[in-house]
Amino acid sequence: MYIVNVELKATQSGYKADMSFTDKEGKLHKKHIEHMNRYTMQSNYLAALIAVLETLQNPCMLSIYSHSDYITEPIRQGWLSSWALHDWKNAKGKTVRNAEQWQQVKKLLANHSVRFITREEKGEK
């Protein structure tokens with residue numbers, strides 16, 4: 001199983017995603033994805049993650065770095081699974097913002113393992 005390193009960046013104008021992995025022969029592979037979208041920053045972060053997940057052809061271990069807790073915490077805290085069980089409603093009974101994108105993320109993540117890199121692990125403050 002490959003370890004794919006991913007860095008996600010987003011603004012209200014669009015998103016960028018950088019992916020890399022080393023194959024069995026030790027060759028480094030890189031891919032850059034960039035798209036201009038006039039949406040919320042949160043929606044663009046989700047769009048970046050979806051774009052990354054859609055490029056993956058085989059199950060892998062994703063090592064994801066993002067400045068946004070909006071992406072990391074729902075998965076890390078188990079909220080994504082809880083939302084799915086509760087018809088995409090949060091703990092207050094309200095529909096989760098960007099629910100359709102979160103549904104896509106859940107479906108696309110199903111065959112992969114995920115870990116999130118913190119700013120400290122990345123060497124940032």
Side-chain angles (χ1 to χ4, degrees):
M1 181 180 285
Y2 290 113
I3 297 174
V4 178
N5 297 304
V6 177
E7 183 168 356
L8 303 173
K9 296 179 182 176
T11 66
Q12 291 179 341
S13 307
Y15 64 80
K16 296 177 184 179
D18 290 302
M19 305 168 56
S20 66
F21 76 94
T22 304
D23 67 19
K24 294 175 186 172
E25 287 77 42
K27 182 178 177 186
L28 179 65
H29 298 266
K30 294 182 177 185
K31 181 169 180 97
H32 177 77
I33 302 169
E34 188 169 349
H35 190 73
M36 301 311 289
N37 273 347
R38 283 226 163 262
Y39 297 117
T40 65
M41 188 181 318
Q42 291 86 355
S43 181
N44 279 334
Y45 265 113
L46 285 167
L49 180 56
I50 290 165
V52 164
L53 294 171
E54 287 178 336
T55 66
L56 301 173
Q57 298 175 0
N58 297 303
C60 61
M61 171 63 185
L62 293 166
S63 185
I64 300 175
Y65 175 73
S66 168
H67 287 277
S68 175
D69 288 343
Y70 182 78
I71 293 293
T72 59
E73 291 310 296
I75 298 166
R76 189 182 291 179
Q77 300 288 337
W79 302 338
L80 188 59
S81 297
S82 178
W83 294 339
L85 286 173
H86 296 98
D87 199 29
W88 300 95
K89 305 262 190 245
N90 63 22
K92 295 178 181 177
K94 295 186 179 186
T95 301
V96 173
R97 193 177 330 167
N98 301 311
E100 289 180 11
Q101 286 179 297
W102 280 115
Q103 290 170 28
Q104 266 188 286
V105 167
K106 181 160 179 31
K107 180 181 176 186
L108 292 167
L109 277 177
N111 294 325
H112 305 288
S113 298
V114 179
R115 80 179 192 108
F116 292 98
I117 307 299
T118 65
R119 289 180 182 171
E120 292 79 24
E121 291 172 310
K122 184 95 169 151
E124 295 182 3
K125 292 183 180 184

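- A search for side-chain contact (heavy atoms from CB on, under 4.5 Å) contacts involving Q77 returns E73, W79, not counting sequence neighbours.
- Within 6.0 Å of OH on Y70 lie more than 12 heavy atoms contributed by other residues, nucleotides or ligands.
- Residues satisfying the salt bridge (Lys or Arg N to Asp or Glu O under 4.0 Å) test with E54, not counting sequence neighbours, are none.
- Think of I3 as one node in a network of Ile, Leu, Val, Met, Phe, Trp and Tyr side chains linked at under 4.5 Å; its network also takes in M1, M61.
- Counting only residues at least two apart or in different chains, side chain to side chain donor-acceptor pair (under 3.5 Å) contacts with residues 17-29 comprise D18-H32, D23-H29.
- Residue pairs satisfying the salt bridge (Lys or Arg N to Asp or Glu O under 4.0 Å) criterion with at least one member in residues 77-98, sequence neighbours excluded, are absent.
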Take I64 and V114 through the test side-chain contact (heavy atoms from CB on, under 4.5 Å) and record every step on the way to the result. CA-CA 7 Å; I64 300 175; V114 179; 3.9 Å; yes
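- Rounding to the nearest 0.5 angstrom, the gap separating the CD1 atom in I33 from the OG1 atom in T55 is 4.5 Å.
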Do any side-chain atoms of residues 42-49 form donor-acceptor pairs under 3.5 angstrom with protein atoms, and if so which ones, sequence neighbours left out?
{"from": "S43", "atom 1": "OG", "to": "Q101", "atom 2": "OE1", "distance (Å)": "3.0"}
{"from": "S43", "atom 1": "OG", "to": "Q101", "atom 2": "NE2", "distance (Å)": "3.4"}
{"from": "N44", "atom 1": "OD1", "to": "N37", "atom 2": "ND2", "distance (Å)": "3.4"}
{"from": "N44", "atom 1": "ND2", "to": "T11", "atom 2": "O", "distance (Å)": "2.8"}
{"from": "N44", "atom 1": "ND2", "to": "N37", "atom 2": "O", "distance (Å)": "3.2"}

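- For the ring-ring contact (aromatic ring centres under 6.0 Å, His included) test, residues two or more places apart in sequence or in another chain that qualify with W83 are W102.
- The minimum heavy-atom distance linking P59 with N111 is given by the pair CB-O, 3.1 Å.
- Not counting sequence neighbours, the partners of K106 by the side-chain contact (heavy atoms from CB on, under 4.5 Å) test are L80, S81, A84, W88.
- Distance check: M41 CE to S13 OG gives 9.0 Å after rounding to the nearest 0.5 Å.
- Follow the hydrophobic side-chain contacts under 4.5 Å out from L108 and you reach V6 in the same cluster.
- Hydrophobic clustering places L56 together with F116 (ILVMFWY residues linked when any side-chain heavy atoms are closer than 4.5 Å, directly or through intermediates).
- Placement of V52 and I50 within a single hydrophobic cluster is found when ILVMFWY residues are connected by side-chain heavy-atom separations under 4.5 Å, directly or transitively.
- Taking every heavy atom of both residues into account, V96 and N90 meet most closely at CG2-N, 3.9 Å.
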Chi angles and distances behind the side-chain contact (heavy atoms from CB on, under 4.5 Å) call for C60, L62: CA-CA 6 Å; C60 61; L62 293 166; 3.9 Å; yes
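- Here the CG atom belonging to L53 is positioned 8.0 Å from the CE atom belonging to M19, to the nearest 0.5 angstrom.
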